[in-house]
Number of protein chains: 2
Amino acid sequence: MGSRHISLKDLARELNISISTVSRALKDHPDISREMKEKVKKLAIERNYTPNPLAMGLLKQETRMIGIVVPDLVTHFYASIISGIESVAKENGYFAVIASSNENIIKEKESIENLLKARVEGLIVCMSRETNTTDHFEKLVSRDIPLVMFDRVCLGDKIPAVIADNADASQKIVEHFYAKGYRRIAYVSGPENLSISKERMKGYWAGIKACGITPDENLVENCDLTFESAKTAMNRLLQLPNPPDAVYGINDTVAFGLMKAIKEAGLKIPDDIGVVGFTDEFHSVVVTPALTSVTHPTFEMGQQIAQLFFKSLTPGFQAETLIVKTQLVERESSNKSQS
Amino acid sequence: MGSRHISLKDLARELNISISTVSRALKDHPDISREMKEKVKKLAIERNYTPNPLAMGLLKQETRMIGIVVPDLVTHFYASIISGIESVAKENGYFAVIASSNENIIKEKESIENLLKARVEGLIVCMSRETNTTDHFEKLVSRDIPLVMFDRVCLGDKIPAVIADNADASQKIVEHFYAKGYRRIAYVSGPENLSISKERMKGYWAGIKACGITPDENLVENCDLTFESAKTAMNRLLQLPNPPDAVYGINDTVAFGLMKAIKEAGLKIPDDIGVVGFTDEFHSVVVTPALTSVTHPTFEMGQQIAQLFFKSLTPGFQAETLIVKTQLVERESSNKSQS
DNA sequence: ATGAAAGCGCTAACAT
DNA sequence: ATGTTAGCGCTTTCAT
């Protein structure tokens, strides 16, 4: 099977010199003569020598691997953030090892354990939607394992994090609806244990207040972030004696579910009901009508996450939470014909 | 930084026994007494001992890592296949290390080199759209490095592969269009170096022939698989003196580009022009009209890819190409009102 | 300027 | 039934 890799020993034997000389020559140690260095380097290239990271890792007690745990791999949001993390990791000579929790708390814990067993040097995690306890994160902190969280976060005073300006963005959505002439603005939120749910909810109410709208608890619904549960939530809203004329979904998948339910009820978007999402998945432009949504700069967010991770490795680092600016991209789904 | 991991040495010292006794006790070696085993195991659990994979890897010359190189991470197709690969890899005690080529041949080669440097035990690769040479794959074969390719493949006689029934599916699309009453059926293909382009093209012509349609070279266009280039290709088709009344895009991203161009030209889907895609991305259902497309069982495909990989590790294995059955999912975009 | 030896954590052949 | 030793590939201290 796998071709034998060339080792320092192989090179040393071939040149009839000691292993340490080869090692030093390859890293330009001042003690080694110019000719010797050239001879060794030439052969190393010829034989396609690459240092064995396992040996180095064992010796230096480092693996140069970062473990990433995300709720899923197939959502553009996570995939793009991972790309960003990876790009910075690579620059720093690190590998990203990725595991998916499949939105499941058990698998989240397992993934973390497995990555630790594999000796990653630290973790970057976005909580699953089921995660309603934080002891497994506390344990990481107390074991001094480098950890950065993003998007769905917890324990902000102890764990460095990168999140969106959720409350702000949320408030702006309500204000956008209001400016477009919508008045009964509903919100379909996610599981209450998630920080994004709490923060976006806060922003929603702030927006309602800022617009001088009479708050109506009935206009707030919950779902478990799936397409189907969003449809169900929307159907409940449509049953209301006084149904909404606008609805904001906590993310795009949810917004698509809302749209589906609205269309199935025979209502028109944006004239009967306006819709806005959050995250700006690729399909936002492809759906009809095109979905107004909040854009995360996902790739850059990934880069910031990785940078924060490396920063957290430096001695004396204090946990901090980075807030990333988002932008509301107005499209057709919230563009009511003014009457 | 990273908390010190517990080693066999630590356990041995604490119990005042030798390292080998600890090692043997932990793996239920028959020579070790029952009491000793229990004592050791108890402490191991207490101290949260996990074997150091670097030490094992160094010793056994294995890393239990598989390197995966895909054109991108953000397309659902790849993300889902990766999930499938990962699930089987995990069952076999392997980790998947993922790298993206970003559809770039240079990065593809770099990624392969980096993964090899990291001592992955083998590779699973889907070529970038730019990849028009195969020497870097030949080199892997000649170096005896386990390699499985999928979707966009090459050197089928030497490299095991998993692909869709591209030609068949393609022919069925044409026949589906024909059955629906479309007669001038166009095809927007991808880069000619890709196996999927060649195979789907073959199926297209077979379908044209099977339907008894007079072949028209003008109805075949090329693009580089991006949304934008697909739009451009569609616009060229629309300029034709005798434009198509149906168009099949080599994948869904392309199909979305086609749809965009058609809409911008003020034409109606499916009545003026029918559209069919390939791959069945999530957004197919969310776009309007819903896109008829060919479904790959992506997760299962990933599982098969991983299984083939492990099979390829067994001595005497001969390269084989697995062909995965796909299914045409009929939606609105190709459902012409019969007149 | 170069070599020898120890040690990172582990297993297995070889003692006892 | 348990201990000792060598070695996987590498760096580094200590010789020479």
Side-chain angles (χ1 to χ4, degrees), chain A residues 1-44 47-65 93 116-121, chain B residues 1-44 47-65 93 116-121:
Chain A
M1 243 152 304
S3 63
R4 267 268 290 111
H5 284 280
I6 296 293
S7 70
L8 290 185
K9 198 180 182 178
D10 297 323
L11 299 179
R13 195 177 322 153
E14 190 158 353
L15 292 171
N16 258 308
I17 54 176
S18 77
I19 294 176
S20 12
T21 303
V22 177
S23 170
R24 283 188 276 238
L26 251 24
K27 41 176 45 71
D28 270 325
H29 190 102
D31 280 357
I32 304 293
S33 69
R34 187 142 302 282
E35 323 144 313
M36 182 58 94
K37 281 183 190 169
E38 276 163 19
K39 211 164 65 175
V40 172
K41 284 181 184 173
K42 186 165 159 287
L43 186 69
R47 294 277 172 278
N48 194 24
Y49 167 79
T50 58
N52 186 325
L54 280 84
M56 299 273 282
L58 187 56
L59 191 67
K60 300 265 193 68
Q61 294 292 51
E62 62 178 34
T63 55
R64 308 227 125 212
M65 297 196 304
L116 253 25
K117 277 187 196 160
R119 300 296 195 266
V120 295
E121 291 181 32
Chain B
M1 239 154 305
S3 64
R4 266 271 286 114
H5 285 280
I6 297 292
S7 69
L8 290 187
K9 197 180 183 179
D10 297 325
L11 299 180
R13 195 177 322 153
E14 189 158 352
L15 291 172
N16 257 310
I17 54 176
S18 78
I19 294 176
S20 18
T21 304
V22 178
S23 170
R24 283 187 276 238
L26 253 23
K27 37 175 49 73
D28 268 325
H29 190 104
D31 281 356
I32 305 292
S33 70
R34 187 141 302 283
E35 327 144 307
M36 182 56 97
K37 280 182 189 169
E38 275 163 19
K39 210 165 64 175
V40 172
K41 283 181 182 172
K42 185 164 159 288
L43 186 68
R47 293 278 173 276
N48 193 24
Y49 168 79
T50 58
N52 186 325
L54 281 84
M56 298 273 283
L58 188 56
L59 191 66
K60 300 265 192 68
Q61 295 290 50
E62 63 179 32
T63 55
R64 308 227 126 211
M65 298 196 304
L116 253 24
K117 278 187 196 161
R119 300 297 194 265
V120 295
E121 291 181 33

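Residue numbers start from 1 in every chain, and the chains themselves are labelled A, B, ... in the order their sequence lines are given, proteins ahead of strands.
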Any salt bridge (charged side-chain N to carboxylate O under 4.0 Å, His left out) involving residues 14-27 of chain B? Give me the pairs, sequence neighbours left out, ordered by first then second residue. E14(B)-R47(B)

So how far off straight is the helix from dA1(C)-dT16(D) to dT16(C)-dA1(D), going by the axes through five pairs at either end, to 10°? 60°

Tell me every residue that passes salt bridge (charged side-chain N to carboxylate O under 4.0 Å, His left out) with E38(B), counting only those two or more places apart in sequence or in another chain. none

Going by the rule salt bridge (charged side-chain N to carboxylate O under 4.0 Å, His left out), which residues pair with D28(A) if we only count those two or more places apart in sequence or in a different chain? K37(A), K41(A)

Residues from residues 31-42 of chain A lying under 4.0 Å of DNA chain C - heavy atoms: D31(A), I32(A), S33(A), M36(A)

Give me the residues of residues 53-63 of chain A where at least one heavy atom lies under 4.0 Å from an atom of DNA chain C, by number, or none. L58(A), L59(A), Q61(A)

L15(A): side-chain contact (heavy atoms from CB on, under 4.5 Å) partners, not counting sequence neighbours: I17(A), K39(A), V40(A), L43(A)

Are the side chains of E62(A) and E121(A) in touch, meaning some heavy atoms are under 4.5 Å apart? yes

Considering only heavy atoms, which members of residues 16-27 of chain B lie under 4.0 Å from some atom of DNA chain D? I17(B), S18(B), S20(B), T21(B), R24(B)

Apply side-chain hydrogen bond (donor to acceptor under 3.5 Å, both in side chains) to S7(A) and list each qualifying residue two or more places apart in sequence or on a separate chain. D10(A)

Taking only residues two or more places apart in sequence, or in another chain, which ones meet T63(B) in a side-chain hydrogen bond (donor to acceptor under 3.5 Å, both in side chains)? none

Going 5' to 3' along DNA chain D, which nucleotides are the first and last within contact of chain B (any atom under 4.0 Å from a heavy atom)? dA1(D) to dG9(D)

When you compare the side chains of S18(A) and T21(A), does any donor N or O come within less than 3.5 Å of an acceptor on the partner? yes

For residues 48-61 of chain A, which residue pairs pass the side chain to side chain donor-acceptor pair (under 3.5 Å) check, not counting sequence neighbours? T50(A)-R119(B)

